[in-house]
4 protein chains.
Amino acid sequence: MIKAGIIGATGYAGGELVRLLLGHKEVEIVWYGSKSYVNQKYADVYQNMFQIVDEKCLDDNMEELARQADVIFTATPQGYCASLINEAILSKTKVVDLSADFRIKDVSVYEKWYGIEHKSPQYIEEAVYGLCEINREDVKRARLVANPGCYTTCSILTAYPLVKEGLIDTDTLIIDAKSGTSGAGRGAKVPNLFCEVNENIKAYGVATHRHTPEIEEQLGYAAGKEIVLNFTPHLVPMNRGILVTEYAKLLPVKKADGSMGLPSCEEIKAVYDKYYEKEKFVRVLDKGACPETKWVEGSNYTDIGFVIDERTGRIIMMGALDNLVKGAAGQAVQNMNLMFGLEESEGLALAPMFP
Amino acid sequence: MIKAGIIGATGYAGGELVRLLLGHKEVEIVWYGSKSYVNQKYADVYQNMFQIVDEKCLDDNMEELARQADVIFTATPQGYCASLINEAILSKTKVVDLSADFRIKDVSVYEKWYGIEHKSPQYIEEAVYGLCEINREDVKRARLVANPGCYTTCSILTAYPLVKEGLIDTDTLIIDAKSGTSGAGRGAKVPNLFCEVNENIKAYGVATHRHTPEIEEQLGYAAGKEIVLNFTPHLVPMNRGILVTEYAKLLPVKKADGSMGLPSCEEIKAVYDKYYEKEKFVRVLDKGACPETKWVEGSNYTDIGFVIDERTGRIIMMGALDNLVKGAAGQAVQNMNLMFGLEESEGLALAPMFP
Amino acid sequence: MIKAGIIGATGYAGGELVRLLLGHKEVEIVWYGSKSYVNQKYADVYQNMFQIVDEKCLDDNMEELARQADVIFTATPQGYCASLINEAILSKTKVVDLSADFRIKDVSVYEKWYGIEHKSPQYIEEAVYGLCEINREDVKRARLVANPGCYTTCSILTAYPLVKEGLIDTDTLIIDAKSGTSGAGRGAKVPNLFCEVNENIKAYGVATHRHTPEIEEQLGYAAGKEIVLNFTPHLVPMNRGILVTEYAKLLPVKKADGSMGLPSCEEIKAVYDKYYEKEKFVRVLDKGACPETKWVEGSNYTDIGFVIDERTGRIIMMGALDNLVKGAAGQAVQNMNLMFGLEESEGLALAPMFP
Amino acid sequence: MIKAGIIGATGYAGGELVRLLLGHKEVEIVWYGSKSYVNQKYADVYQNMFQIVDEKCLDDNMEELARQADVIFTATPQGYCASLINEAILSKTKVVDLSADFRIKDVSVYEKWYGIEHKSPQYIEEAVYGLCEINREDVKRARLVANPGCYTTCSILTAYPLVKEGLIDTDTLIIDAKSGTSGAGRGAKVPNLFCEVNENIKAYGVATHRHTPEIEEQLGYAAGKEIVLNFTPHLVPMNRGILVTEYAKLLPVKKADGSMGLPSCEEIKAVYDKYYEKEKFVRVLDKGACPETKWVEGSNYTDIGFVIDERTGRIIMMGALDNLVKGAAGQAVQNMNLMFGLEESEGLALAPMFP
């Protein structure tokens, strides 16, 4: 059995990690870390775990945790993981960081967008960006994985094949994203109160959201060049789910008869299939079908669909996932499975729940 | 592997059965029955099952189904299962009926409350009322199980121990129930439209709801006498979940010092524990804790709490479950496990999903 | 023009007062009081008032307010109004207190249920309980009105005629109440976060909710005797609305033929009509119709319906209102209209908004 | 008093018209038209109108209606108004058509996008597109007004000043729109059931939605050239509200120092103010503020905000309105006010309701 410790087990992502790891037959949770609830029963914080989890919440003691755990998940605010990590820790245990601390390779970009100093930049290079479908082999060898952001995972997976194959003009790429409210965390803030969110939709962090540089960096690797794009998140009155709607101009391709023309629906589908056909957790929908967040709820799937608009020459790509699963805890488990040589889908074979 | 067939696989309860059976390691679904969607791909009706279920929907052919399946689940409108069943079917396969057809032993009560003629009353006697925690041994030997209603399961389990032990005056028993909207089914009706349900709560079927006689009958068995009670359902703007709030006068009990007095909180808790301590799927909460539907969502648990009001001499009992799981599909699987001698919780070890 | 001041203008009830008073042709708001947002533009706190309200929030200065305002509304936490009020204030201005400070005549009951000392008990006797339909004449002469609670208004109006006429056994009266989340206020607390409330229903304050003694006292006046009852509030995932479902045993009445028997539906209806037929803001629905919170949203109406269950001898009474309007700000305006000799419905002629 | 008749009074837009006209002091509703509910009491269909509207629903009799009414509102499916209208009608009464029949000047575009034959193309030229802020003077003289679509009103008003002044590259204009569910109407369809919409978000009608050509035509007039754009609607789990997020490349302008450069935030704000400062129903928010649908709910306002992204050279424009008010019934009343020479805001001075 793999012994797992969680720092930040009482946030929404931490809670979801607990739910998933409890159903994972190779893992045992040995540490329910929560600074805010030290010594309180975990099931008193999350009553769904009554009679399922008997443990109490523990304070953060990284050294002790490293001794006890084979893997540590940090589901913590930005900057916290970077402040805890060191060679002694990494020599004893593997770390999957669900925060942004090791996602961005250029430390100055990190410090600019997050407004904090990075406390252990020496591990940024080593850290593997844990988007399993893209960096699978590197993840397998990693001791420190930077688990991607929720918006980021959805945004990247939706556009990746077309960016990689040069089918869209990345200068025209616009990502309009919509998220359920659990993405905002469990902090007690007025804007997240039921009456403020319910019956409401708004954009926020327009042109300044911190997932922007992460998306740009990863898609830039795929494109082989720098990408600058618009990313606009919106808050939707639902608990879970992210939907991205992405717009880009299609680039002409060589057709069978030798002429140049926009790629057809079938040609685009073939490109998506090239990358995702064998991926268990990415489902490219049938022609014309639009992803809906409800169809992936509770599962580790990302659903992708697209429509070509011949009037404007643009493709509209759409992706949906559960922000707490594939967008956080599910992907963290998927990374852990890879890091420990387990079946990649172990503990994640959950059919989406509807309705 | 147990071969399972589902009639009514495209209703909400049917869909949930599919979700649960897909995660059940001893079962294979061999028949996705749906008269409304014959020959359509199941995953086109429920897109969450894309790339998970490849089968098409089949028409209802009970004879063929009985040949192919070891167990048939009927998640169908009232009267339908009763019209299909016969000795030839029951001699070949087991049946778990999620409709009300075989729940009520007195056929005249059934026909009065449901307003239809019962087409196979000869099987009512044989049918076992599949409330596993109460009728476990009978279920194990059954070939026909009447799976209890959602409101009913929650209402009965919440009051059962106190009724059984004679601790409450059943003449004063009032059940005020609140349900999510999936209980109303997937039929296209104006009252179930989003804009009619959202931001709204109402009572319905006041003094006439069909689950009333079912609750009265079962609690009557526990009490050893006829019970007549008030049951009032309400429609709540959420997808899943049933909460019942039950009121009754406590009856005096003999105290340690020989005097008579109302039972204490600890005495009531001890009675609940007597019946439920070993039950995996019934969780009696700690003192003062109130059940919430969200804490059981997606799981087969029923959570129970209570408060004694010394001012009025009443006890307020509260119960919560997921109407599609313990209130329908989950309990059906639990019954199936018992009927086939499997571990009772096989396929049902799902931690509730929060948020 | 009546000059109105509001203390607590940035709570949900305070915000609703602003909305209603802006549409009142005889009133001008002269004081937007909010200790938490002093010197901030009111429209920055409630962006719906952008370009409608230009004023800034003011601190609480009761003397100055009394000089400037003809009426002060206190939409503040319990204890605050009682701590501010004195003869100098009341000699200059009228006060409508939306808190509980002057609702309960027995100060020891207040102090027991609210757990705080009452700072100006000398005004309790003078204060008029502002349930307009019942205490209209007293309200007209009042300088201090205790505006009833939201649950209370709904609970009392729904049962009042039957209690007053002795048609129900008040020892059997049980009130099961359901409320939208705005009743919990705008404080930043984890239990009121969107993800905690959405897709969830729970009871709270079982047997201990502070509106209980208020309901008991007022219905006791109607009954001419002490009443002790059960009141159970529930939190519903919607912004606005309260629904109460009330249960009581009907008492026999003398029938036309001289015999005793339970009152008929028509007889009950006639009693409701006796009290409410001329009331603009209480609508007794047609036979069999159940109130729904959505049908009164945004308006000052209370809708009432009932069903007689001959099987149990009980009547199920149901009432619905908008907790922020008839349950708070609307009733406060209705009281103000009475106190100033205006048309009672001035500023309140709002048709409910659907959907 | 203006006598008003409504055809389609039992749809959501029709119901909202009733609500607004009841609060309009110059209007009397003389005809509650509803083919589906002929002879039923209107208040039985919309229980919010109990004791407010006593009339029954009437069948469609255009000639009789034209005799009785000074203005007819048609809140009906596409094609219906065009099939009813003729010179006899228009010579007796004014018509405000809430359907799309007279919105698009090119009948072939209408017939292509709507897939139906236009039955009275001879009135298309005469009909005035009733976007009051833009076509005010023409509306005043109209006998037939084509009331704009909900998405359209929001999309156009948000971009209009910048398009009109040539500040954005219209070839790059992308409109990502999000709507509450009342926009889908009151028809009983599975995709609009509560359980299908709740906890879900999806795009629909991608690249094919019928409001696209209407937006393109109107913005084309402003630009003085043909515009082809992407418009993507999304269904959001809320009753009311539309939010549009619009993206376009800014065009360089001449700066004070003679150089060319992208317009500043202040310059953009000045352009918005030029068009909207005096408009009661369009509110351009302060710098950096993002519109939210909740802040305009129940009102006739459109809120507009914007952010300039210097990294990409794009402007992100955002607009919010209540689809049933400014997006349908409110704008219809605003048009009627103009057509009859009344104060434009009569009956529409409703502060938005929050929460």
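- E199(D) places a side-chain N or O within donor-acceptor distance of the main-chain N or O of N239(A), the cut-off being under 3.5 Å.
- Between L229(D) and R311(A), the shortest heavy-atom contact is O-NH1, 3.7 Å.
- In this structure, the side-chain hydrogen bond (donor to acceptor under 3.5 Å, both in side chains) partners of R19(A), at least two apart in sequence or on a different chain, are E16(A).
- Side-chain atoms of T293(D) come within 3.5 Å of backbone N or O of I201(A) as a donor-acceptor pair.
- Each of L235(D), T245(D), V236(D) has some count of heavy-atom pairs under 4.5 Å with chain A, and the biggest count is that of T245(D).
- Contacts of P237(D) with chain A are made by both backbone and side-chain atoms, with heavy-atom separations under 4.5 Å.
- Considering all non-hydrogen atoms of both residues, K294(A) and N198(D) come closest at CD-O, 3.9 Å.
- Residues of residues 204-214 of chain D lying under 4.5 angstrom from chain A, judged on non-hydrogen atoms, are V206(D), A207(D), T212(D) in numerical order.
- For the side chain to side chain contact (heavy atoms under 4.5 Å, CB included) test, residues two or more places apart in sequence or in another chain that qualify with D286(D) are F50(C).
- Atom OG1 in T232(D) sits 8.0 Å away from atom CE in M318(A) (nearest 0.5 Å).
- Note on I308(A), I242(A), V228(A): by heavy-atom pairs under 4.5 Å with chain D, the leading option is V228(A).
- Looking at E310(D), neither its backbone nor its side chain comes within 4.5 Å of chain A, counting heavy atoms on both sides.
- With a 4.5 angstrom heavy-atom cutoff, C195(D) touches chain A via backbone and side-chain atoms both.
- Taking NZ of K202(A) as the reference point, atom CG of D303(D) lies at 14.0 Å (rounded to 0.5 Å).
- Contact annotation for residues 171-183 of chain A against chain D (heavy-atom separation below 4.5 Å, listed by residue number): D171(A), T172(A), L173(A), I174(A), I175(A), D176(A), K178(A).
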